[in-house]
Enquirer: 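Would you mind keeping the following structure in view while I ask a few things?
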Amino acid sequence: MTKKTPLHQVSDFDLRLLRVFKTVAECGSFSGAESVLGITRSAISLHMGDLEKRLGMRLCQRGRAGFALTDEGREVLRASETVLVAIEGFRSEVNQMHQQLRGDLNVAIINNLVTQPKMRITHALKAVRAEGSGVRINLSMSTPGEIERGLIDGRLHVGAVPLITPLSGLDYSLLYEERSYLYCSHEHPLFAQAASVTDAQLAEADAVIPAYRMTAEAIGLHQLLSFAASATDREGIAFLILTGSYIGFLPDHYAATWVEKGLMVALDPDRLHFDSKIAIAMRKGRRQNMILERFLSELELTDTPA
């Protein structure tokens, strides 16, 4: 066995042979390795012969004089221990990744979802944070259009947006359904007769109109109002309503605090309301992301709108 041939590739079969060799060396004989490996001495001998042919060198002396590693055998044993330890380390690290996630989760949501009573986003963020310090959550508040652009160009992993006009490059799953009512503040002239407001009174009252996309139902109700101001988000609408000079639509969960304090009231709530859907959006064909999958699993998304 004097001809030395280079080892071009280490296969799974080679690794199995190296494990047999390592066990034999540790046991000091073929017979001693039988019970450890659970195979016969003849099978061990065949494996050792295969390994020596594969490497092109004699690894041990065996016979009446007993078992002994050659110089090359000792070097191969040292190298095999290094590679087997590395493989075990790789396995442990991958398993650890399953147990403790690492990386960033970039989330963007529209304003004023924190008061949503179902709190699905809050609970999902809590679950992701519980994975440990290896996970970093980057949360931003933005407009629906900016969120969708961030998802498409890859800056964001996931976003929460109103489901109005789905974009072809994104997947949407229903997260919340919320109801919006028309509100005025306690300083507004309509406050005292909120339950019986007429269309004529609505047309005379200054109203704040959203400067973002709305459903057809919402647009129809806003057409009853007199456009006097606009706001880019729901917090802006609330600010203007609380001045006492404007009326405007807000989600009931967001307005609830001011209603409970007597600072706002819903106008003719049986008639003047509309329902909206908030969806979780992600880019189609996105890369596998274990942190994102953990976040999504905690949201318990059950309905996927078309």
Side-chain angles (χ1 to χ4, degrees), residues 108-123 139 141-147 159-165 174-280 303 305:
I109 62 178
I110 59 172
N111 286 331
N112 315 125
L113 286 184
V114 70
T115 53
Q116 235 290 344
K118 292 182 180 179
M119 295 185 69
R120 286 185 174 180
I121 292 176
T122 304
H123 295 317
L139 180 63
M141 317 300 294
S142 194
T143 64
E146 290 172 342
I147 293 173
V161 296
L163 186 64
I164 300 173
T165 309
L174 183 61
L175 179 63
Y176 300 127
E177 289 194 47
E178 59 182 19
R179 175 159 289 189
S180 293
Y181 293 96
L182 183 63
Y183 291 94
C184 73
S185 84
H186 68 294
E187 296 180 340
H188 196 278
L190 294 179
F191 187 85
Q193 56 188 100
S196 57
V197 64
T198 66
D199 285 351
Q201 290 173 313
L202 293 179
E204 293 176 359
D206 288 343
V208 53
I209 307 298
Y212 48 80
R213 289 177 295 173
M214 294 185 286
T215 63
E217 181 185 15
I219 291 172
L221 286 174
H222 278 86
Q223 288 174 345
L224 300 174
L225 309 181
S226 176
F227 176 33
S230 67
T232 59
D233 55 41
R234 301 187 292 193
E235 186 172 0
I237 295 173
F239 266 111
L240 290 172
I241 292 173
L242 289 168
T243 67
S245 300
Y246 302 92
I247 60 176
F249 282 93
L250 288 174
D252 56 359
H253 63 84
Y254 183 53
T257 299
W258 294 298
V259 171
E260 291 169 2
K261 293 178 179 179
L263 299 178
M264 278 190 194
V265 68
L267 302 174
D268 195 357
D270 291 337
R271 179 171 68 97
L272 300 173
H273 66 264
F274 62 88
D275 295 323
S276 303
K277 295 179 179 180
I278 306 298
I280 282 293
D303 182 17

Enquirer: Take atom CZ in F239; do more than 12 heavy atoms of anything else shown fall under 6.0 Å from it?
Expert: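 No, not enclosed.
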Enquirer: Could you tell me which non-hydrogen atom of A255 sits nearest to which non-hydrogen atom of M264, and how far apart they are?
Expert: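 For A255 and M264, the tightest heavy-atom pair comes out as CB-SD, 4.3 Å.
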Enquirer: When rounded to the nearest 0.5 angstrom, what distance separates CD1 in I110 from CG in D233?
Expert: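 Nearest 0.5 Å value for the CD1-CG distance: 9.5 Å.
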Enquirer: Quick one: do E177 and K118 make a salt bridge, cutoff under 4.0 Å?
Expert: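 No, no charged N to carboxylate O under 4.0 Å.
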Enquirer: Using 30° and 60° as the class limits, which term best fits the ring planes of F249 and F274: parallel, tilted or perpendicular?
Expert: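 Tilted, since the angle between the ring planes falls between 30° and 60°.
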Enquirer: Distance check, rounded to the nearest 0.5 Å: W258 atom CH2 versus L250 atom CG?
Expert: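 W258 CH2 to L250 CG: 7.0 Å, rounded to 0.5 Å.
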Enquirer: Only counting residues at least two apart or in another chain, list the ones meeting ring-ring contact (aromatic ring centres under 6.0 Å, His included) with Y181.
Expert: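 Partners of Y181 under the ring-ring contact (aromatic ring centres under 6.0 Å, His included) test: H273.
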Enquirer: Can you tell me how far the OG1 atom of T198 sits from the CG atom of L224, to the nearest 0.5 Å?
Expert: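 So the gap between those two atoms works out to 11.0 Å.
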Enquirer: Closest approach of A203 and S226, non-hydrogen atoms and distance?
Expert: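 Closest heavy-atom pair between A203 and S226: O-CB, 3.2 Å.
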Enquirer: Mind jotting down which residue pairs meet the salt bridge (charged side-chain N to carboxylate O under 4.0 Å, His left out) criterion with at least one end in residues 182-199? Sequence neighbours excluded, please.
Expert: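 Counting only pairs at least two positions apart or across chains, the salt bridge (charged side-chain N to carboxylate O under 4.0 Å, His left out) contacts touching residues 182-199 are D199-R271.
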Enquirer: Can you find a heavy atom in the side chain of S185 that is under 4.5 Å from one in the side chain of L263?
Expert: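 No. Closest side-chain heavy atoms not under 4.5 Å.
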Enquirer: So do L182 and D268 actually touch side chain to side chain, heavy atoms under 4.5 Å?
Expert: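 No - every pair of side-chain heavy atoms lies 4.5 Å or more apart.
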Enquirer: Please name the pair of heavy atoms, one in I241 and one in G248, separated by the smallest distance, quoted to 0.1 Å.
Expert: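 Taking every non-hydrogen atom into account, CD1-O, 3.4 Å.
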Enquirer: Take L267 and Q193, measure what side-chain contact (heavy atoms from CB on, under 4.5 Å) needs, and give me the verdict at the end.
Expert: CA-CA 8 Å; L267 302 174; Q193 56 188 100; over 6 Å; no
Enquirer: Report yes or no: does R234 contribute a side-chain atom to a donor-acceptor pair with the main-chain N or O of N111 at less than 3.5 Å?
Expert: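 Here the side-chain-to-backbone pair exists.
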Enquirer: Measuring from atom CD1 of I247 to atom CG of L272, what distance do you get when rounded to the nearest 0.5 angstrom?
Expert: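 Between atom CD1 of I247 and atom CG of L272 there are 8.5 Å.
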Enquirer: Before you tell me yes or no, could you show the steps for T143 and E146 under side chain to side chain donor-acceptor pair (under 3.5 Å), namely the whole-Å CA-CA distance, both residues' side-chain angles and the distance that decides it to 0.1 Å?
Expert: CA-CA 5 Å; T143 64; E146 290 172 342; 3.3 Å; yes
Enquirer: Side chains of S276 and P162: closer than 4.5 Å at any heavy-atom pair?
Expert: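 Not in contact.
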Enquirer: Regarding N112 and Y254, do their side chains bring together a donor and an acceptor under 3.5 Å, going by distance alone?
Expert: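 On atom types as modelled, these side chains qualify, holding a pair under 3.5 Å.
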Enquirer: Would you call D275 and R179 a salt bridge, using N to O less than 4.0 angstrom?
Expert: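 Yes, D275 and R179 are salt-bridged.
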Enquirer: With side-chain contact (heavy atoms from CB on, under 4.5 Å) as the criterion, how do C184 and V265 come out once you've worked through the C-alpha distance, each side chain's angles and the decisive distance to 0.1 Å?
Expert: CA-CA 6 Å; C184 73; V265 68; 3.8 Å; yes
Enquirer: Any side-chain heavy atom of H186 sitting closer than 4.5 Å to one from K261?
Expert: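 Not in contact.
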Enquirer: Please determine, by modelled atom types, if T257 and E260 share a side-chain donor-acceptor pair under 3.5 angstrom.
Expert: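 No, because no side-chain N or O of T257 sits under 3.5 Å from a partner of the opposite role on E260.
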Enquirer: Please report the interatomic distance CG(L225) to OH(Y246), rounded to the nearest 0.5 Å.
Expert: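 Going from the CG atom of L225 to the OH atom of Y246 covers 13.5 Å.
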Enquirer: Any chance you could lay out the side-chain contact (heavy atoms from CB on, under 4.5 Å) test for L242 and Y183, step after step, and finish with the verdict?
Expert: CA-CA 10 Å; L242 289 168; Y183 291 94; over 6 Å; no
Enquirer: Distance-only, no hydrogens or angles: does the R120 side chain make a donor-acceptor pair with backbone N or O of L175 under 3.5 Å?
Expert: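 Pair found, side chain donor or acceptor close to backbone of L175.
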Enquirer: Work out which heavy atom in I237 is nearest to a heavy atom in A231; give both atom names and the distance.
Expert: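 That would be N-CB, 3.6 Å.
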Enquirer: Quick one: closest heavy-atom pair of H253 and P117, and the distance?
Expert: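 Result for this residue pair: CB-CD, 3.8 Å.
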Enquirer: Within the structure provided, determine whether V161 and I278 are in side-chain contact (heavy-atom separation under 4.5 Å).
Expert: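 SC-SC contact between V161 and I278 ruled out.
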Enquirer: About how many Å separate NE2 of H188 and OG1 of T243, when rounded to the nearest 0.5 Å?
Expert: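 Rounded to the nearest 0.5 Å, the OG1-NE2 separation comes out at 8.5 Å.
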Enquirer: Please give me the minimum heavy-atom distance between T165 and R213, naming the atom from each residue.
Expert: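 Heavy atoms only, the tightest pair is O-NH1, 3.7 Å.
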